Amino acid sequence: MTKGAMLYEGKAKQVFETDNPNEVIVRFKDDATAFNAQKRGSVDLKGEMNNAITTLIFEYLNTKGIATHFIKKLDEREQLVKKVNIIPLEMVVRNYSAGSMAQRLGVEEGIKSPVTIFDLCYKRDDLGDPLINDHHAVFLGAATYDELDEMYELSSDINDILIDLFDQMNIILIDFKIELGKDSNGKIILADEISPDTCRLWDKDTMKKLDKDRFRRDLGEVTEAYVEIYERLKKVLHK
Ligand code: TMP
């Protein structure tokens, strides 16, 4: 397997072609952005940590029957994944109030929700990834109603598995964002990453934030938080 040309560069990752048309290499960068890239920076070790954390989580989800794009970790920063057509929707799953939802609704952060909350965002950097609803997604041709049903079910299953996994790490899964894609057979599978960049993770005892909010809000100890998540994950997964 050889690494070919770069196909795409995002804010936190690069994607390279390989000699297999159905597989690509994802490279995790240390670059960090927030607020639609108005805030930019770099977090030491972030690329390595997110590659390692995503690897462990996607492997774990695979063992629980969730289909993902993940094939194998190649080195510190790179992993081999199935090439998918990314559905241009971000699925946000929330178990507690936080972030943009807390702001939008004028409530404090950290209120446990009696129901699982799903937010759909349209992946369009130039628009700031706006919050949309199912009808907008169908209007845009991003997904059909049946596909949306499937996406909500998959997201809910992933949420159940991750709540339990993070609970074993003494962490509350406040919320997270996932991206889904269609593989070469048109099957909807989990893609992108699951890491402290894409989740809100609070220590159960101290409520300390162990995720990208430390970067977004200038809370300090950013690298330490990512390393802490990796260490706890390795421990519960016996890796
Ligand atoms: P939000 O409260 O800012 O909408 O974020 C909800 C969750 O989605 C949170 O866990 C952080 C994650 N997220 C991303 O992964 N990428 C993004 O661009 C944004 C805005 C949030």
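Side-chain atoms are counted along with the backbone in the values below, which use heavy atoms only and exclude waters and symmetry mates. Both ligands and their constituent atoms are indexed starting at 1 by order of listing. Computed from a predicted structure; not experimentally measured.
The shell of residues lying under 4.0 angstrom from ligand 1, judged by heavy atoms, includes D197. The closest approach between K212 and ligand 1 stays at or above 4.0 Å for every heavy atom of the residue.
Summary of contacts: the protein heavy atom closest to atom 19 (C) of ligand 1 is R216 NH2, 4.6 Å. Nearest protein heavy-atom neighbour of atom 10 (O) of ligand 1: D175 OD1, 2.5 Å. Summary of contacts: the protein heavy atom closest to atom 12 (C) of ligand 1 is K177 CB, 3.7 Å. Counting protein heavy atoms only, atom 3 (O) of ligand 1 is closest to R200 NH2, 3.6 Å.
Against a heavy-atom cut-off of under 4.0 Å, F176 is close to the following atoms of ligand 1: 10 (O). Close contacts between ligand 1 and T198 involve ligand atoms 10 (O), 12 (C), 15 (O) [criterion: under 4.0 Å to a heavy atom]. Listed by number with element, the atoms of ligand 1 under 4.0 angstrom from any heavy atom of C199 are 10 (O). Heavy-atom proximity to G99, at under 4.0 Å, picks out these atoms of ligand 1: 2 (O).
In this structure the side chain of T198 never reaches within 4.5 angstrom of the side chain of N50, judged on heavy atoms. Contact annotation: the side chain of L148 approaches that of L120 to within less than 4.5 Å [non-hydrogen atoms, C-beta and beyond]. Side-chain contact between I194 and I53 is absent, with no heavy atoms from C-beta onward closer than 4.5 Å.
Taking only nitrogen or oxygen atoms, main chain and side chain alike, E90 does not reach within less than 3.5 Å of ligand 1. Residue S100 has at least one nitrogen or oxygen atom sitting less than 3.5 Å from a nitrogen or oxygen atom of ligand 1, judged on distance alone.
Judged by distance alone, the side chain of Q103 and the main-chain N or O of S100 form no donor-acceptor pair under 3.5 Å.
The pair E109-R217 meets the salt-bridge criterion, with a side-chain N (NZ, NE, NH1 or NH2) lying under 4.0 Å from an Asp/Glu carboxylate O. K209 and D211 are not joined by a salt bridge, as no carboxylate oxygen comes within less than 4.0 angstrom of a charged side-chain nitrogen. Using a cutoff of 4.0 Å between basic side-chain nitrogens and carboxylate oxygens, R94 and D119 are scored as salt-bridged.
Only the side chain of V92 comes within 4.0 Å of ligand 1, counting heavy atoms alone; its backbone N, CA, C and O stay farther away.
Checked options R27, Q79, R77, K13; the residue passing with N51 is Q79 (criterion: side chain to side chain donor-acceptor pair (under 3.5 Å)).
Distance check, rounded to the nearest 0.5 Å: OH of Y122 to CG of L140 gives 5.0 Å.
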